[in-house]
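Before any comments, here is the structure.
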Amino acid sequence: MLKAPNKNNPFESWKIVSGPKLIVAGPCSAESEDQLVGTARELVHCNIDVLRAGIWKPRTKPGTFAGVGKQGLAWLARAKRETALPVIVEVATPGHVEACLEQGIDLLWIGARTTVNPFSMQELADALQGVDIPVLVKNPINPDIDLWLGAVERLARAGLQKIAVVHRGFSSATENVYRNRPHWTIPIEMKLRHPEIPVICDPSHISGDSRLVFAVAQKALDLLFDGLMIEAHVAPETALSDARQQLSPDQLAQVLQRLDFKRAHSDNAEFTTTLEQLREQIDLADETIIASLANRMRIVDEIGRYKQKNHVAILQPERWKEILTSRIDAGVRRNLSERFMRELYRCIHAESILHQEAQFKEDD
Ligand code: PEP
Ligand code: MN
């Protein structure tokens, strides 16, 4: 979809990243010239790469602070002059794009509520046709990797070369500790399908709580994300949007200091040898697992044929309940989590039913 990246630094052509990871930080919203420039002046000391601020805010309900609009662009220009930090703004309409390009905004991001809408994405792609500006595309609010990639593809087709994606979590109908539940398998799948697209994490919008930001950011780095976008405000408790999740500049400095920026590989010979030995053990363990599963399915097939012959139904709820409980117990006794055992046996049972159905059909 995009050009193959340099393995060590996927942002090589962006010319804005000083370290191995892209660090974007700044307030959820620009609220006043003093708040924005004051925040920027402090964040410079955290060694961030890009200053963020929203000026058109996609709020859930009307009547809440919806951003300061176009006047904020001049404040961002001043923050940039004073700190030499490149600046990034959220755009949701062609009008926003035009205003940002006029004002010399360095990067753009597209919010979750815009990525979800193909009409909006196409309008943005059309407005950006032929413009060489980096764009960060947040995941859509629902966990749909193809919709997310569709948004990226619309921009790529418009000729944009510097595109990254941002995992900011997904809306969920059930209460949980996160404001937007992360689905780590989705950004991992994104990396597998498109290794050329840098993947960034926004731990602020996943957490919804400044106290969780560090742990989520660390998890992203452990999964080899290429950067972080973190909300920081000179006085978070007074923020007009997302007050609970924003870090003060001091807190951001501490978080960035404590984070372990994991490397993709190590050249250390002892590490490499030990890892190879352990991986051989894993390969053997996997062979045993696969052989056991194949053996189990052979027995399942035999039972299937026997049930068919005796006119007995495939599903035996009592037996299934007993298997599930006893296997979960056995797993938990060996330090495997209940959740994992339940999912594993659900999957094995579903496959066993398919196998027995196939036996029934063969005998028809
Ligand atoms: C934001 O970054 O302030 C924002 C509105 O993000 P999202 O689109 O992830 O909700
Ligand atoms: Mn926000």
Side-chain angles (χ1 to χ4, degrees), residues 22-31 35-36 39 43 48 50-62 64-69 72-73 75-76 87-93 96-97 100 105 107-117 120-121 124 134-144 147-148 151-152 155 163-172 178-183 186-187 190 199-210 212-213 216-217 220 225 227-248 251-252:
L22 174 74
I23 305 294
V24 181
C28 176
S29 307
E31 298 165 3
Q35 168 258 1
L36 182 67
T39 304
L43 294 186
I48 65 168
V50 176
L51 175 72
R52 65 152 278 157
I55 60 175
W56 299 285
K57 300 301 298 177
R59 302 309 298 280
T60 302
K61 287 195 189 294
T64 50
F65 175 65
V68 294
L73 291 174
W75 308 344
L76 274 153
V87 289
I88 185 168
V89 169
E90 174 174 352
V91 290
T93 68
H96 296 164
V97 170
C100 286
I105 297 299
L107 303 88
L108 306 174
W109 93 77
I110 294 171
R113 294 163 196 79
T114 307
T115 309
V116 79
N117 183 342
S120 299
M121 280 311 307
L124 290 177
V135 181
L136 272 47
V137 184
K138 294 211 178 187
N139 63 250
I141 47 179
N142 54 326
D144 181 341
L147 188 58
W148 196 2
V152 171
L155 298 174
I163 303 175
V165 293
V166 185
H167 177 38
R168 50 73 81 195
F170 301 90
S171 290
S172 156
Y178 300 110
R179 175 177 174 199
N180 292 294
R181 190 181 289 200
H183 282 275
I186 291 182
M190 184 69 98
V199 184
I200 292 162
C201 179
D202 170 350
S204 306
H205 288 89
I206 288 177
S207 309
D209 181 334
S210 58
L212 297 177
V213 168
V216 176
F225 274 56
L228 298 168
M229 181 193 261
I230 302 181
E231 284 190 344
H233 187 293
V234 72
E237 60 291 347
T238 66
L240 299 181
S241 59
D242 291 351
R244 284 184 59 218
Q245 72 194 33
Q246 303 206 57
L247 302 181
S248 69
Q251 287 170 326
L252 178 69

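Just follow the structure's listing: the first ligand is 1, and inside any ligand the first atom is 1. Everything numeric in this text was worked out from a predicted model, so none of it was measured. Because only heavy atoms are used, hydrogens play no part in the values below, and waters and symmetry mates are left out as well, while side chains stay in.
Angle SG (Cys28) to the Mn ion (ligand 2) to NE2 (His205): 170°, rounded to 10°.
Atom 10 (O) of ligand 1 has Arg168 NH2, 2.8 Å as its closest protein atom, hydrogens excluded (heavy atom only). Looking only at protein heavy atoms, the nearest one to atom 5 (C) of ligand 1 is Glu90 OE1, 3.6 Å. Ranking protein heavy atoms by distance to atom 8 (O) of ligand 1, first place goes to Ala112 N, 2.8 Å. With hydrogens left out, the protein atom closest to atom 4 (C) of ligand 1 is His205 NE2, 3.5 Å, a heavy atom.
Using a 4.5 Å heavy-atom threshold, the side chains of Gln246 and Gln251 count as separate. Looking at heavy atoms from C-beta onward, Leu108 lies in side-chain contact with Cys100 at the 4.5 angstrom threshold. No side-chain heavy atom of Cys201 sits less than 4.5 Å from a side-chain heavy atom of Val166.
A donor-acceptor contact shorter than 3.5 Å is absent between the side chain of Asp242 and the backbone of Gln245. Distance alone, capped at 3.5 Å, places no donor-acceptor pair between the Arg52 side chain and the Met229 backbone.
Heavy atoms of Arg52 approach ligand 1 to within less than 4.0 angstrom. For Cys28, the closest heavy-atom approach to ligand 1 falls below 4.0 Å.
Polar contact with ligand 1: absent for Gly111 (N/O pair, distance under 3.5 Å). Inclusion of Arg113 in the set of residues having an N or O under 3.5 Å from an N or O of ligand 1 is warranted.
The Trp109 neighbourhood of ligand 1 comprises atoms 1 (C), 2 (O), with distances under 4.0 Å to a heavy atom of that residue.
With Ser29 as reference, Lys57 is the one residue of Glu90, Gln35, Lys57 to meet the side-chain contact (heavy atoms from CB on, under 4.5 Å) rule. In summary, of the residues considered (Leu155, Thr114, Ile200, Leu124), a side-chain contact (heavy atoms from CB on, under 4.5 Å) with Val137 occurs for Leu155 alone.
By the 30° and 60° cut-offs, the orientation of the rings of His167 relative to Trp148 is tilted.
Of the charged side-chain nitrogens involved, at least one lies within less than 4.0 Å of a carboxylate oxygen, so that Asp202 and Lys138 count as a salt-bridged pair.
Looking at Glu231, Gln246, His167, Lys138, it is Lys138 that brings a heavy atom closest to atom 6 (O) of ligand 1.
Of the heavy atoms in Lys57, only side-chain atoms (C-beta onward) come closer than 4.0 Å to ligand 1.
Asp242 contributes atom OD2 as its closest N/O/S atom to the Mn ion (ligand 2). Restricting Glu231 to its N/O/S atoms, the shortest distance to the Mn ion (ligand 2) is reached by OE2.
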